[in-house]
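In this chain, numbering begins with 1 at the start of the sequence shown.
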Amino acid sequence: MPASDSGRIRPYLATRGRTRPVQNIAIEALVSTTTAGRNHGIDPEPERDRILRMCHSPRSVAEVASLVAIPLGVARVLVADLEAEGLARVADPHAAFHGSAEPARDLSVLERVRDGLRRI
């Protein structure tokens, strides 16, 4: 198998062929490892293991994808799986901003980021 193919096959294997997470997770959502995740030991899947180790401090899903060097869609699937297993916690930063457990539909934070990037 050519080396270029291995970069595409690995994410497919890591997600077991799934392209959508079991729940919708925003790319700006913050991921943190739970106590169960810290005590989980070494995960047999290297990407999942790296996510669990790096998220002892909260990181966004976008950061996770970048630091693990996997596509964003793959990161979303893996993070959703880890949360479903109780190994990670995903927090919607908008909910914390609005003081609600429900995900906020207010896009003001993203709009301010967009506007700031345009000014650069």
Side-chain angles (χ1 to χ4, degrees):
M1 169 184 337
S4 63
D5 287 342
S6 65
R8 284 181 270 182
I9 291 172
R10 182 69 202 152
Y12 179 83
L13 293 174
T15 63
R16 297 174 190 99
R18 293 172 295 133
T19 58
R20 302 224 184 268
V22 292
Q23 63 198 24
N24 192 19
I25 297 177
I27 62 171
E28 69 274 12
L30 299 176
V31 182
S32 56
T33 306
T34 63
T35 303
R38 288 188 174 118
N39 297 329
H40 181 65
I42 297 174
D43 195 286
E45 294 293 329
E47 293 86 359
R48 287 170 43 107
D49 187 59
R50 287 188 64 200
I51 292 168
L52 289 173
R53 283 187 285 121
M54 78 172 46
C55 290
H56 286 224
S57 295
R59 296 186 186 268
S60 72
V61 175
E63 275 183 287
V64 167
S66 177
L67 294 170
V68 179
I70 55 177
L72 186 56
V74 172
R76 291 178 68 219
V77 170
L78 295 178
V79 166
D81 289 351
L82 291 169
E83 183 180 41
E85 295 170 29
L87 301 176
R89 180 177 177 274
V90 178
D92 183 347
H94 300 293
F97 180 74
H98 291 282
S100 166
E102 291 297 313
R105 300 294 176 228
D106 180 8
L107 297 177
S108 64
V109 174
L110 292 177
E111 289 169 347
R112 288 196 312 266
V113 170
R114 179 198 62 202
D115 294 343
L117 289 172
R118 284 183 178 158
R119 285 192 295 264
I120 293 178

Worksheet item: Which pairs, with at least one residue in residues 64-74 and sequence neighbours excluded, count as a salt bridge (Lys or Arg N to Asp or Glu O under 4.0 Å)?
Response: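 Applying salt bridge (Lys or Arg N to Asp or Glu O under 4.0 Å) to every pair that reaches into residues 64-74, excluding sequence neighbours, yields nothing.
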Between [Y] and [X], is there a side-chain heavy-atom distance shorter than 4.5 Å?
X      : Y      : answer
Glu47  : Val74  : no
Val64  : Leu78  : no
Arg118 : Asp115 : yes

Discussion item. Taking side chain to side chain donor-acceptor pair (under 3.5 Å) as the cut-off, I'd like each qualifying pair that reaches into residues 52-74, sequence neighbours left out, listed once.
Written reply: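 Side chain to side chain donor-acceptor pair (under 3.5 Å) check on residues 52-74 returns Arg38-His56, Asp49-Arg53.
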Nearest-0.5 Å distance, [atom1] of residue [X] to [atom2] of residue [Y]:
X     : Y     : atom1 : atom2 : value
Leu52 : Ile42 : CG    : CD1   : 11.5 Å
Ile51 : Ile70 : CD1   : CD1   : 4.5 Å
Arg48 : His40 : CZ    : NE2   : 5.5 Å

Fill in: Atom of Val31, atom of Val79 and distance for their closest heavy-atom approach
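Minimum heavy-atom contact is CG2-CG1, 3.6 Å.
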Discussion item. Run the side-chain contact (heavy atoms from CB on, under 4.5 Å) test against Ala36 and tell me which residues pass, sequence neighbours left out.
Written reply: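 Result, side-chain contact (heavy atoms from CB on, under 4.5 Å) vs Ala36: Thr34, Leu87.
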Worksheet entry | side-chain contact (heavy atoms from CB on, under 4.5 Å) assessment of Met54 paired with Val68 | CA-CA 9 Å; Met54 78 172 46; Val68 179; 3.5 Å; yes
